[in-house]
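Chain letters run A, B, ... following the sequence lines, proteins first and then strands; every chain starts at 1. All values derive from a computational prediction rather than experimental measurement.
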Protein chains: 2
Amino acid sequence: MKAKATSFDIAHMAGVSQSTVSRALRDSPLVNQETRDKIKAIARELNYKVDKNASNLRQQQSRTLALLLFEDPTTDDSLINPFFLSMLGSITRASAQAGYDLLVSFQNFSDDWHADYEDTNKADGIILLGYGDYMDYRDKLTKLEEQETHFVRWGAFDKEHPGISLGCDNFQGGYDVTDHLLGLGHRSFAFIGGADSRAPEFFARYKGHVSALQNAGITPQKDLQRDAISTEESGYAAVNALLREGHRPDAMVCASDLIAIGAMQAINEAGLTVPDDIAVTGYDDIPVARFTHPALTTVKQNTTLAGEALVENLLRLVNGDQADAQLMPVELVIRRSCGAPE
Amino acid sequence: MKAKATSFDIAHMAGVSQSTVSRALRDSPLVNQETRDKIKAIARELNYKVDKNASNLRQQQSRTLALLLFEDPTTDDSLINPFFLSMLGSITRASAQAGYDLLVSFQNFSDDWHADYEDTNKADGIILLGYGDYMDYRDKLTKLEEQETHFVRWGAFDKEHPGISLGCDNFQGGYDVTDHLLGLGHRSFAFIGGADSRAPEFFARYKGHVSALQNAGITPQKDLQRDAISTEESGYAAVNALLREGHRPDAMVCASDLIAIGAMQAINEAGLTVPDDIAVTGYDDIPVARFTHPALTTVKQNTTLAGEALVENLLRLVNGDQADAQLMPVELVIRRSCGAPE
DNA sequence: CTGAAAGCGCTTACAG
DNA sequence: CTGAAAGCGCTTACAG
């Protein structure tokens, strides 16, 4: 097992100083073209790579971002919301394009997440992601802010929240999907998903939903709003209970696609048909939404743009610039579960 | 913006040397209990955290693992297979429990992945994951091996492959699910999924499938095997073509759940019913498999155990110990899409 | 354009 | 049990 080459080895072989090697490898214009080429050739041959620990230590930065996913704890770690996994994909890509590595962690696996990344110089900044219980981690956000950690979070757009939030326009999404259902003639509605400040995103969707109903002169039925976290199980349980109590709304607006998938199963098991007996809509447009039966009408959040915006704003913070909360547009995706004609 | 505290600051405040601070913080038994407590209290108060770059540089290790996901490139980065995302979850957890951080990257975003992690001391070892085209990266594996990089890969169990592979018993899974369908009376079969060495896992499942048929005295119909990569789209397209050609097998064994979901949609659109007209089975048991309509019969790969095994074996390699390829058991999960009685 | 030297913040062998 | 010192492998101000 040969020892790893260092910049001194290269310097020795090239007959120059180690400083020159370092400069050449970083494409410093100070180095003679010829010298630079020679050094690079030797580096390639030796399979030399700059030691990141040394380089980062010297430069006092890590060129790494940390992504922390906090989700409602579930029994099974496989139940990570596909929406956030899409985000993970786009964030990974956006970081890579900016020349940053991405460290990933799940909140439920590490209680000390709020202090562990930037303070140890493992990451230059932190991205927070999740549909978790907002109240549970509000204190931690405040602490992050006190410590002057660089972070951005995906979530509800709200000036009161600590730190900088990026998110889609949840109110508008809830409004649009409800408005569409109204246009199809539906008149009585259930809303499946937590509608309080513990889940600010769901709450905003709910408010949009209610607003659309009121604009149409319909009074929201409070007993048809049922809490659910973003899992199939939770949606299934909530709708199952609703149906067993004898409720038969025309349509169910679900706060996420996973909830909607669980809802459709409960409706099917009750011997009812989607959308003929009850229309169902979701939220997020996860990949499987196109392939449910019937295909799910939903509100698309553009994860590619979202990931880019998160990384871009975080890097702005890291570089000492100003970053602002940002509200991104949503897009209604009409498929069959809402009862729209083919 | 206060400068970050260093071990010298702590030493100064505690009235001891910096060496002693370092020892105390690492719980060295050499340090007096009282001194240690005092130092730790000060560290907590200053919100001091050991600088990882410095510590790693000195110790010549990173306490970080890298996870590389290589997937068949798709137009949309949201289409990461949920199965691998479950793996990501369990690998993250297993690394955290072992005291390692996890760096995540997607192959399609970085062509140089094969050399970039361990050589730069950013990671002590690498985990490779994906249903990608095996031939595409075989050379890279060989290169990794030459460079004496520590790595393990999830995939087909095969002595010929470079490096150490961990994987589930794909042959047995293909066998079991086919055997189950035979027991339900199905006699003519399609197999949807690549059946050649570019996709060794799918190929092994196919071989198990064929073996079960032969044991039952049934000759596999080669024209009913259709290639597909692990996406809903690909499964949909393959089955669509099959049905348009007029084929009506009793059952379709799909090489992954995503393929099966696409297959069921194609079957539905052709005016046929699952499982009455055509039974369908998947592979992986992704979370949504329980919530398709009908619920999907599939072969479960235990991602929790898999993630733990990957991390455990990789760390063994990192520590200079022996690690062995490993074949893990699978479990048949019977739901409704196979036509089993309730 | 190039080199000698300092220093990033730790860990640990060495000496006491 | 504690301290002074070397050194991990780089980057970069300084001098030429």
Side-chain angles (χ1 to χ4, degrees), chain A residues 2-40 42-43 46-64 99 116-124, chain B residues 2-40 42-43 46-64 99 116-124:
Chain A
K2 63 213 168 212
K4 206 160 286 184
T6 73
S7 53
F8 282 94
D9 299 328
I10 313 264
H12 185 72
M13 292 182 67
V16 297
S17 75
Q18 182 267 340
S19 331
T20 301
V21 171
S22 177
R23 288 197 193 94
L25 263 17
R26 320 187 89 234
D27 284 319
S28 160
L30 290 175
V31 178
N32 184 322
Q33 181 67 256
E34 209 177 320
T35 318
R36 199 191 313 182
D37 292 344
K38 185 162 131 204
I39 289 170
K40 286 197 170 181
I42 296 175
L46 293 191
N47 218 316
Y48 169 79
K49 292 283 178 341
V50 172
D51 185 300
K52 280 296 168 193
N53 289 133
S55 159
N56 291 339
L57 172 61
R58 179 55 227 251
Q59 294 181 92
Q60 288 298 292
Q61 53 159 17
S62 64
R63 287 251 138 203
T64 299
D116 254 17
Y117 285 92
E118 189 164 340
D119 286 348
T120 57
N121 275 339
K122 286 195 294 196
D124 296 332
Chain B
K2 64 215 166 210
K4 205 161 285 184
T6 73
S7 52
F8 282 94
D9 299 329
I10 314 261
H12 185 73
M13 292 182 67
V16 297
S17 74
Q18 182 267 340
S19 331
T20 300
V21 171
S22 177
R23 288 196 194 94
L25 262 19
R26 320 187 89 235
D27 283 318
S28 160
L30 288 175
V31 178
N32 184 321
Q33 181 66 257
E34 208 177 319
T35 317
R36 200 191 313 183
D37 292 344
K38 184 161 133 206
I39 290 170
K40 286 196 170 185
I42 296 175
L46 292 191
N47 217 317
Y48 170 79
K49 291 282 176 345
V50 172
D51 185 300
K52 281 295 168 192
N53 289 133
S55 159
N56 291 340
L57 173 60
R58 179 55 227 251
Q59 294 180 91
Q60 289 297 292
Q61 53 159 17
S62 64
R63 288 251 138 203
T64 299
D116 255 18
Y117 286 92
E118 188 165 340
D119 286 349
T120 57
N121 275 338
K122 285 194 293 196
D124 296 331

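Of the listed nucleotides (D:dT2, D:dG9, D:dT12), D:dT12 has the atom at the smallest distance from the side chain of A:R26. Listed candidates were D:dG9, C:dG9, C:dA5. Nearest to the side chain of A:Q18 is C:dA5. When distances run from any side-chain atom of A:S22 to the nucleotides D:dC1, D:dT12, C:dC1, the shortest one goes to D:dT12. In the set D:dC10, C:dT12, D:dG3, the nucleotide with an atom closest to the side chain of A:F8 is D:dC10.
In this entry the distance linking CD of A:Q60 with P of C:dA6 reads 19 Å, nearest Å. Between B:K52 atom NZ and C:dC10 atom C1' there is a gap of 11 Å when expressed in whole angstrom units. In this structure, CD of A:Q61 is placed 14 Å from C1' of D:dT12, rounded to the nearest angstrom. Counting to the nearest Å, the C1' atom of C:dC10 and the CG atom of B:N53 are 10 Å from each other. Atom P of nucleotide D:dC1 and atom CG of B:D27 are separated by 14 Å, given to the nearest angstrom. Straight-line distance from the CZ atom of A:R63 to the C1' atom of D:dC10: 16 Å, rounded to whole Å. A straight line from CG of A:L25 to P of D:dT12 spans 13 Å, rounded to a whole angstrom. For A:D51 and D:dG7, the CG to P distance is 18 Å, given to the nearest whole Å.
Of the two residues near DNA chain C, A:S19 and A:L30, the one whose nearest nucleotide lies more 5' is A:L30. Toward the 5′ end of DNA chain D lies the nearest nucleotide of B:G15, the other residue of the pair B:G15 and B:A54 mapping further downstream. Between A:T6 and B:N32, it is B:N32 whose nearest contact on DNA chain D lies nearer the 5' terminus. Positionally, the nearest nucleotide of DNA chain C for A:L57 lies more toward the 5' end than for the other of B:T20 and A:L57.
Across every non-hydrogen atom of B:T6 and B:D9, the tightest pair is N-OD2, 2.8 Å. Nearest heavy atoms, B:T64 versus B:K122: CB-O, 3.4 Å. Across all non-hydrogen atoms, the minimal contact from A:Y48 to A:L25 is CE2-CD2, 3.4 Å.
For C:dT2 and C:dA6, the P atoms lie 23 Å apart once the distance is rounded to whole Å.
Side-chain contact of A:S17 with A:T20: a donor-acceptor pair under 3.5 Å is present, judged by distance alone. For A:Q59 and A:S55, the side-chain atoms include at least one donor-acceptor pair closer than 3.5 Å. Judged purely by distance below 3.5 Å, without hydrogens or angles, the side chains of A:S62 and A:N56 never pair a donor atom with an acceptor atom.
B:R23 comes within 4.0 angstrom of a base, heavy atoms only.
Checked by atom type and distance alone, the side chain of A:D124 pairs as donor or acceptor with a backbone atom of A:R63 at under 3.5 Å.
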Open item on the list: Wobble G-U and Watson-Crick pairs count when both distances are under 3.5 Å; given that, what is the 5' to 3' dot-bracket string of DNA chain C, with | for pairing to other strands?
Closed with: |||.||||||||.|||

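Among B:I10, B:D27, B:V21, the single residue meeting the side chain to side chain contact (heavy atoms under 4.5 Å, CB included) criterion with B:K40 is B:D27.
Put simply, B:S17 has no side-chain N or O that comes within less than 4.0 Å of OP1 or OP2 on D:dA4. Considering only side-chain N and O atoms, B:Y48 lies under 4.0 angstrom from the phosphate OP1 or OP2 of C:dC10.
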